[in-house]
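All remarks here apply to the structure that follows.
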There are 2 protein chains.
Amino acid sequence: MQTLETIGQLVRRLRKEQGLPLRKIAAKLDLDPSTLSKIERGDRFPSKELVNRMAQAFDIDERELLILYHSEKIANDLYREDYCVEVLEVAEQRIDYIRQKNIVQKKLF
Amino acid sequence: MQTLETIGQLVRRLRKEQGLPLRKIAAKLDLDPSTLSKIERGDRFPSKELVNRMAQAFDIDERELLILYHSEKIANDLYREDYCVEVLEVAEQRIDYIRQKNIVQKKLF
DNA sequence: ATTTTGTGGGCAAAATATGTCCAAATTTTT
DNA sequence: AAAAATTTGGACATATTTTGCCCACAAAAT
């Protein structure tokens, strides 16, 4: 996994490594070529379902791709705000807290 | 700011500290009381516009509230996934990268 | 008993997400 | 240079989600 590629960049790279035209991969993904083009260029964001299909089509670990997917979404939402580092920290605390709560509930159950 | 309150919990706490009924704050926020009830209880997520209005209505730092808002949204999306810590790390790297890119562009400009 | 306060459910409108279609632009091949 | 292949741009439609209201009812307070 190249450093900080977007999903689109990754897909284009893998596609080119396979020497296949966009239309062929689009067909494999059951997607219109025009849409794939937009996704590769970053003009559109892929759906989660499509990201899963991409993992299969390219035989990549789904988990890795979902990490890219989610992180890209967050970064796109936040990069303009001057408080984004704080947001990420608080988000992490919240997740820990929710997780903790669930563990406690499981124990009581 | 209490540790890891949700926005809804914060609003309810502040409202009760003011000793006002839900309907009164809802009116101040230009919002239906039923909707505010749902937000306070965590059954609905507030819009960003509403979060800004809340900051004004309660005279809180808007930035603080937006940090809560964003972090809560992220946590809600991610807490179920077993890779959420990685996502947050990668998101931070992406944001740094985007920021770096913008700085470089500014320099060249 | 009455009034006040908070909640549940259903709904509609607005906003956003998602993908297709088709033509045009660009690139590659002949 | 021309033809074929590939990629892209734009408009559009549909699906989904977001957002808040309305209204009746439940719960709490008076």
Side-chain angles (χ1 to χ4, degrees), chain A residues 5-58 65-66 68-81, chain B residues 5-58 65-66 68-81:
Chain A
E5 274 178 317
T6 62
I7 291 178
Q9 286 165 348
L10 172 66
V11 166
R12 179 160 284 193
R13 177 167 64 79
L14 295 177
R15 177 170 67 82
K16 300 224 170 188
E17 277 169 15
Q18 289 184 20
L20 293 179
L22 191 144
R23 142 181 75 78
K24 283 278 179 72
I25 301 292
K28 203 168 177 184
L29 294 169
D30 192 29
L31 181 68
D32 187 78
S34 167
T35 305
L36 183 57
S37 172
K38 287 163 190 157
I39 288 165
E40 284 191 351
R41 284 175 294 107
D43 286 349
R44 278 287 177 92
F45 200 70
S47 67
K48 198 164 164 190
E49 278 70 50
L50 180 54
V51 166
N52 288 328
R53 298 207 303 274
M54 285 169 172
Q56 274 150 40
F58 289 110
L65 213 44
L66 286 169
L68 288 194
Y69 168 79
H70 284 288
S71 65
E72 201 176 328
K73 201 193 258 195
I74 290 168
N76 288 344
D77 283 349
L78 284 183
Y79 79 89
R80 285 199 179 82
E81 316 299 345
Chain B
E5 274 177 318
T6 61
I7 290 177
Q9 287 165 348
L10 171 67
V11 168
R12 180 161 285 193
R13 176 167 64 78
L14 295 177
R15 177 168 65 82
K16 298 220 171 192
E17 278 169 15
Q18 288 183 21
L20 294 179
L22 190 143
R23 145 180 74 75
K24 284 278 179 73
I25 301 292
K28 203 169 178 183
L29 293 169
D30 192 29
L31 180 68
D32 186 77
S34 167
T35 305
L36 182 58
S37 173
K38 285 161 191 160
I39 288 165
E40 284 191 351
R41 283 174 295 105
D43 286 351
R44 277 288 178 91
F45 200 69
S47 67
K48 197 165 166 189
E49 278 69 50
L50 179 54
V51 166
N52 287 329
R53 298 208 302 276
M54 284 169 174
Q56 274 149 41
F58 290 111
L65 212 45
L66 286 168
L68 288 194
Y69 168 79
H70 284 287
S71 65
E72 201 176 329
K73 203 196 257 194
I74 291 169
N76 288 344
D77 283 350
L78 283 183
Y79 78 90
R80 282 197 183 84
E81 316 300 346

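A, B, ... follow the sequence lines: proteins, then strands. Residue 1 opens every chain. The analysis underlying the following values was restricted to heavy atoms, covering all of them including side chains, and did not include hydrogens, waters or symmetry mates.
At whole-Å resolution of the value, CG in A:Leu22 and P in D:dA5 are 16 Å apart. If you measure from atom NZ of B:Lys16 to atom C1' of D:dA28, you get 11 Å, rounded to the nearest angstrom. Between the P atom of D:dT8 and the CD1 atom of A:Ile25 lies a distance of 14 Å, rounded to the nearest Å. When the C1' atom of D:dA29 is taken as reference, atom CG of B:Leu20 falls 16 Å away, rounded to whole Å.
Using a 4.5 Å cut-off on side-chain heavy atoms (C-beta onward), B:Thr35 and B:Lys38 make no contact. Within the 4.5 Å cutoff, the side chain of B:Glu40 has heavy atoms near those of the B:Arg15 side chain. Side chains of A:Val11 and A:Ile39 form no contact here, defined as non-hydrogen atoms less than 4.5 Å apart.
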Atom pairs, protein N/O to nucleotides 14-21 of chain D N/O, distance under 3.5 Å:
unit_1: D:dG20; atom_1: OP1; unit_2: B:Ser47; atom_2: OG; d: 3.3
unit_1: D:dG20; atom_1: N7; unit_2: B:Arg44; atom_2: NH1; d: 2.6
unit_1: D:dG20; atom_1: O6; unit_2: B:Arg44; atom_2: NH2; d: 2.8
unit_1: D:dC21; atom_1: OP2; unit_2: B:Asp32; atom_2: N; d: 2.5

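A close approach under 4.0 Å does not occur between any side-chain nitrogen or oxygen of B:Ser37 and OP1 or OP2 of C:dG6. An OP1 or OP2 oxygen of C:dG8 is reached within less than 4.0 angstrom by a side-chain nitrogen or oxygen of B:Arg41.
Within the structure, side chain to side chain donor-acceptor pair (under 3.5 Å) contacts touching residues 43-58 of chain A (residues at least two apart or in different chains) are A:Arg41-A:Asp43.
Shown here are the side chain to side chain contact (heavy atoms under 4.5 Å, CB included) partners of A:Tyr79, two or more places apart in sequence or in another chain: B:Ile95, B:Ile98, B:Asn102.
Checked by atom type and distance alone, the side chain of B:Glu81 never pairs as donor or acceptor with a backbone atom of B:Leu78 at under 3.5 Å.
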